[in-house]
Q: 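Dropping a structure here in structure tokens format, bear with me for questions.
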Amino acid sequence: MAIRKSSSKLTQKAMIKQILKRCSSFGKKQGNGYNSDEHEHPLDVPKGHFVVYVGENRVRYVVPISFLTRPEFQVLLQQAEEEFGFAHDMGLIIPCEEVVFRSLTSMLR
């Protein structure tokens, strides 16, 4: 059983690394509105945060990276990977209603 937990943690770590890489590389593709010194984060995204898009209208939210380690948020990430994958230019899309996402993130803070 310890092997299963270790394997699961390894998978979660790999998924988190992929998400962080995806979120930080997203800014490199854009020309305007991004920090020219770092070339990796939009100017309105503080260090230690990343952008997700939520709901049918793809409303943009800036959330702390610490959310990535929370089991509640990891469920959303798994759903996002299953529904949309991580290989697209839009950024990280969370398949969740906005009201549910706001409720969840308010509990995680």
Side-chain angles (χ1 to χ4, degrees):
M1 189 155 208
I3 294 174
R4 184 177 272 175
K5 284 184 180 180
S6 176
S7 175
S8 176
K9 283 203 176 236
L10 180 61
T11 303
Q12 289 174 355
K13 284 183 182 181
M15 182 172 56
I16 290 170
K17 283 183 181 180
Q18 181 180 10
I19 290 166
L20 289 175
K21 183 178 179 181
R22 184 79 188 125
C23 291
S24 66
S25 66
F26 179 64
K28 292 178 184 176
K29 295 179 182 178
Q30 306 296 327
N32 296 327
Y34 288 81
N35 188 332
S36 60
D37 295 333
E38 296 178 19
H39 295 290
E40 58 184 49
H41 298 290
L43 292 173
D44 64 339
V45 179
K47 191 169 191 170
H49 291 73
F50 66 102
V51 175
V52 296
Y53 297 89
V54 180
E56 287 183 25
N57 296 324
R58 305 287 193 257
V59 177
R60 185 176 184 264
Y61 289 88
V62 178
V63 297
I65 287 176
S66 62
F67 282 11
L68 293 173
T69 61
R70 302 292 300 266
E72 302 91 337
F73 200 80
Q74 288 180 3
V75 170
L76 291 177
L77 294 176
Q78 289 170 350
Q79 292 173 352
E81 182 180 26
E82 289 171 8
E83 190 163 331
F84 302 112
F86 294 132
H88 50 81
D89 290 335
M90 175 65 186
L92 183 58
I93 302 170
I94 303 292
C96 178
E97 292 181 23
E98 283 182 74
V99 67
V100 174
F101 183 79
R102 284 192 306 264
S103 176
L104 173 68
T105 56
S106 69
M107 290 187 293
L108 295 177
R109 292 183 193 265

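In this chain, numbering begins with 1 at the start of the sequence shown. Reckoned from all heavy atoms, side chains included, excluding hydrogens, waters and symmetry mates.
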Q: Say you draw a straight line from CZ of Arg109 to CG of Leu104; how long is it, rounded to the nearest 0.5 Å?
A: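 Interatomic distance, Arg109 CZ to Leu104 CG, rounded to 0.5 Å: 10.0 Å.
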
Q: Working note: Leu76 + Gln78, criterion side chain to side chain contact (heavy atoms under 4.5 Å, CB included); need CA distance, chi angles, decisive distance, verdict.
A: CA-CA 5 Å; Leu76 291 177; Gln78 289 170 350; over 6 Å; no

Q: Enumerate the residue pairs fulfilling salt bridge (Lys or Arg N to Asp or Glu O under 4.0 Å) with a member in residues 66-77, sequence neighbours excluded, ordered by first and then second residue.
A: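 Qualifying pairs, neighbours excluded: Arg70-Glu72.
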
Q: Could you see if Leu108 belongs to whatever hydrophobic cluster contains Leu68? Use Ile, Leu, Val, Met, Phe, Trp, Tyr and a side-chain cutoff under 4.5 Å.
A: yes

Q: Which word best sums up how the rings of Phe50 and Phe73 line up, parallel for under 30°, tilted for 30 to 60°, or perpendicular for over 60°?
A: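 Correct class here is perpendicular.
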
Q: Of all the heavy-atom pairs spanning Pro95 and Glu83, show the shortest one and how long it is.
A: CB-OE1, 3.3 Å

Q: With a cutoff of under 4.5 Å between side-chain heavy atoms, which Ile, Leu, Val, Met, Phe, Trp and Tyr residues group with Val99?
A: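 Members other than Val99 - counting any ILVMFWY side chain reachable under 4.5 Å - are Val100.
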
Q: So, using salt bridge (charged side-chain N to carboxylate O under 4.0 Å, His left out) as the criterion, who are the partners of Glu97 when residues are at least two apart?
A: none

Q: Same hydrophobic cluster for Val75 and Leu77, using side-chain heavy-atom links shorter than 4.5 Å among ILVMFWY?
A: no

Q: Measuring only between side-chain heavy atoms, which start at C-beta, is Phe67 closer than 4.5 Å to Val52?
A: no

Q: Listed by chain and number, what are the side chain to side chain contact (heavy atoms under 4.5 Å, CB included) partners of Val59, not counting sequence neighbours?
A: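 Val59 satisfies side chain to side chain contact (heavy atoms under 4.5 Å, CB included) with Asn57, Tyr61, Glu98 only.
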
Q: Which atom pair, heavy atoms only, marks the closest approach of Leu92 to Ala80?
A: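 So the two residues come closest at CD1-CB, 4.5 Å.
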
Q: Taking atom CD1 of Ile94 and atom OG1 of Thr105, what is their separation to the nearest 0.5 Å?
A: 10.5 Å

Q: Do you know the tightest heavy-atom contact between Arg58 and Tyr53?
A: O-CD2, 3.5 Å

